[in-house]
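Chain letters run A, B, ... following the sequence lines, proteins first, then strands; residues in each count from 1.
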Amino acid sequence: MTATAERAGDAAVIAASRTDAEAFGVIYDRHAAGLHRYAYRRLGPESAEDAVAETFLAAFRHRGRYDLAREDARPWLFGILTKEIARRWRSEQARYRALSRAAEGEAAEGFADEVDAAVSAQAARGALADGLRGLAARDRDVLLLIAWSGLSYEEVAQTLQINVGTVRSRLHRARRKLREALGEDTMTDFFEVER
Amino acid sequence: MNEMKLLDELGAALDPAGPLPQDLRRRVLTAAVRPQPFWRRLLAGRAGPRVAVVGGLAAVLTAGVLAAQVIPIGGGEPAAQAQAADILAGAAAQARLQPEVPVRGDQFVHVESVATVLGMNEATKESSTSTITRQVWLSVDGTHDGLIRQRPRSGGGDWTDMALPGCRDGVVTQTKGGVTGTQACTPTPAYVAGLPTDPDAMLAYLYRGVDEHPNKNPRDQQAFSAAADLVDEAYLAPASLAAVFGAVARIPGVSVVGEVTDEAGREGVAVALREVQGTRSELIFDRGSHAYLGTRTVALHDGEGLTAGQVLYSGAVLTVRIVDRVGA
């Protein structure tokens with residue numbers, strides 16, 4: 001690996017890695033933590049680790065096809081990760097189910113004492129997990145990329161290879177369904193200004 | 001409360017407790033940068049001492065694609081399972097006909113075999129085939145220096161030797177790339193006296209081994225692998241060999257998959273178990289006598305650069321002898 005690779009942008013590093021495979025380690029070091037955190041939230045420990053490993057292996061295999069005009073590799077990497085997560089949908093569904101059950105258990109215990117804010121937050125979390133589980137996969141991808149990956153609307157559009165308008169409409173639908181799951185009045189959304 | 005704010009909180013609550021798993025970087029970059037044969041990954045999950053020997057094989061081999069030659073035998077699952085039991089009973093009967101050879105600790109199990117191995121470059125997904133003739137001398141008690149000797153089957157290449165240093169007084173001395181080092185070890189005997197001679201006892205022995213070294217594979221799959229490891233490139237007392245085949249017949253999911261030609265061109269029939277890796281592990285027996293011939297691993301699905309039916313590994317045992325010296 002060359003010293004310049006350490007300082008260069010993602011595109012330059014990926015270009016370098018086409019002849020010097022070791023340079024790809026820089027891409028890992030820059031982005032592994034962010035990808036892993038996102039995958040971990042959605043899949044839990046074991047599947048997250050596998051998904052991230054497979055993502056980098058796929059990225060490495062396809063580094064020849066990377067569009068060098070894109071300085072930041074995150075949309076590309078999150079795009080691959082999204083597919084890896086899709087392959088592990090069972091883990092994701094199980095994670096939300098577990099969250100929902102945990103919340104139910106705690107809420108029920110809480111009632112014995114006194115209904116308080118913590119309990120209702122727990123209950124909301126369970127309802128939220130149920131809501132996430134019930135979303136269409138493509139809506140959930142948009143919602144969670146926006147909420148959890150740190151990517152902008154524009155970058156999420158690149159990640160999923162859809163246009164920004166589609167990002168907005170899927171996000172809108174996902175949020176509405178989450179609110180329904182949380183039992184809130186969906187009409188409030190009616191007056192919300194679309195971003 | 002706003003659902004996006006709730007999502008933020010949920011996300012924070014779900015975050016990993018610590019930093020990135022330490023071995024993930026190595027796992028990713030080793031696989032990406034230093035391509036490994038696909039089949040080595042397959043074998044990584046297998047239990048038992050045989051892995052050490054197979055690992056040595058991996059160092060020299062590059063790869064192998066064969067067209068699968070399975071001719072399905074009619075009938076559904078239950079029929080296939082019943083047929084497997086018949087074949088394995090025949091294999092056990094054949095095993096009991098073998099002479100019982102006295103074995104001393106300072107001797108070697110000498111096995112001649114032929115194999116084709118599929119290797120795959122993880123980065124390019126290009127696969128290649130390596131067909132070899134192979135001889136091994138495995139120390140009976142694991143304390144003597146053994147040897148793997150192999151060469152390409154066609155083209156008349158030279159024999160390549162790989163040392164299998166014995167483990168003496170808890171230390172093994174290995175030389176790699178001109179560098180000699182020592183490591184703590186426990187001997188890996190090529191022959192174990194006193195293995196069960198009854199199928200049920202053997203079955204219990206196989207599963208006990210599985211439970212002592214658990215991994216993520218299903219227990220039945222591990223038991224099948226352990227049985228294959230036990231008979232492949234090995235000498236077993238006739239009664240124990242027969243017990244292994246009897247035990248395999250009792251592993252749930254084992255069935256006949258069809259007629260095959262083994263690596264040495266002999267007409268065989270395969271008894272197999274589907275593995276969660278998307279592969280099928282086969283034991284091959286002579287079509288007439290049901291004597292054990294060898295093993296194969298076959299891909300069941302398209303993907304990862306493989307096609308359904310592709311043979312990842314095919315090995316046929318030609319001779320098994322007990323000898324006094326390496327190279328003899």
Side-chain angles (χ1 to χ4, degrees), chain A residues 17 20-25 28-29 32-33 35-46 48-50 52-64 95-96 99 120-121 124-125 127-129 131-132 143-144 146-149 171 174-182 184 188-189, chain B residues 1-42 44-45 119-128 214-218 275-278 300-306:
Chain A
S17 76
D20 174 13
E22 303 264 338
F24 204 76
Y28 178 89
D29 292 339
L35 291 165
H36 180 255
R37 195 171 72 115
Y38 177 76
Y40 191 102
R41 287 177 171 191
R42 289 187 66 172
L43 299 176
E46 281 182 19
E49 202 175 325
D50 286 346
V52 169
E54 294 296 329
T55 296
F56 278 105
L57 288 176
F60 180 79
R61 281 199 298 276
H62 298 140
R63 67 193 188 285
R95 188 152 170 81
Y96 298 143
L99 276 173
S120 66
R125 191 167 288 176
L128 195 63
L132 286 174
L143 175 75
L144 294 182
I146 293 289
W148 287 351
S149 74
L171 179 65
R175 291 184 64 177
R176 180 167 52 76
K177 292 197 169 161
L178 276 195
R179 278 197 298 279
E180 283 169 13
L182 290 167
E184 289 180 19
T188 56
D189 182 53
Chain B
M1 201 188 301
N2 177 295
E3 68 282 356
M4 292 310 272
K5 180 130 190 312
L6 275 172
L7 262 185
D8 272 353
E9 289 177 8
L10 179 65
L14 293 177
D15 272 341
L20 273 176
Q22 281 193 345
D23 61 336
L24 186 58
R25 187 180 200 276
R26 189 188 43 75
R27 177 178 162 194
V28 167
L29 296 181
T30 308
V33 176
R34 258 172 269 129
Q36 293 205 346
F38 178 81
W39 72 282
R40 187 195 286 189
R41 265 198 304 159
L42 286 178
M120 184 176 293
N121 184 314
E122 292 278 349
T124 62
K125 291 288 179 199
E126 281 166 6
S127 55
S128 53
N215 63 35
K216 286 184 192 170
N217 292 325
E275 300 174 312
V276 289
Q277 284 78 6
L300 291 172
H301 313 292
D302 294 342
E304 289 222 50
L306 300 170

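- Considering CZ of B/Arg25 and CG of A/Asp29, their distance stands at 4.0 Å, rounded to 0.5 Å.
- Note that the CD atom of B/Glu3 and the CZ atom of A/Arg176 stand 11.5 Å from one another [nearest 0.5 Å].
- Across every non-hydrogen atom of B/Leu20 and A/Ala33, the tightest pair is CD1-N, 3.7 Å.
- A/Ala147 and B/Leu7 get closest at one heavy-atom pair: CB-CD1, 3.8 Å.
- B/Leu14 and A/Trp148 make their closest contact through CD1-CH2, 4.0 Å (heavy atoms, listed as atom of the first residue, atom of the second, distance).
- Expressed to the nearest 0.5 Å, how far OH of A/Tyr28 lies from CG of B/Leu24 amounts to 3.5 Å.
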Evaluate side chain to side chain contact (heavy atoms under 4.5 Å, CB included) for A/Phe60 paired with B/Val28, printing each intermediate quantity in order. CA-CA 9 Å; A/Phe60 180 79; B/Val28 167; over 6 Å; no
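- Only the side chain of A/Arg95 has a heavy atom closer than 4.5 Å to any heavy atom of chain B.
- Looking at heavy atoms from C-beta onward, B/Asn2 lies in side-chain contact with A/Arg175 at the 4.5 angstrom threshold.
- The shortest side-chain heavy-atom distance between B/Asp23 and A/Glu49 falls under the 4.5 Å cut-off.
- Using a 4.5 Å heavy-atom threshold, the side chains of B/Leu10 and A/Leu132 count as touching.
- By the 4.5 Å heavy-atom criterion applied to side chains, B/Asp15 and A/Arg41 are counted as neighbours.
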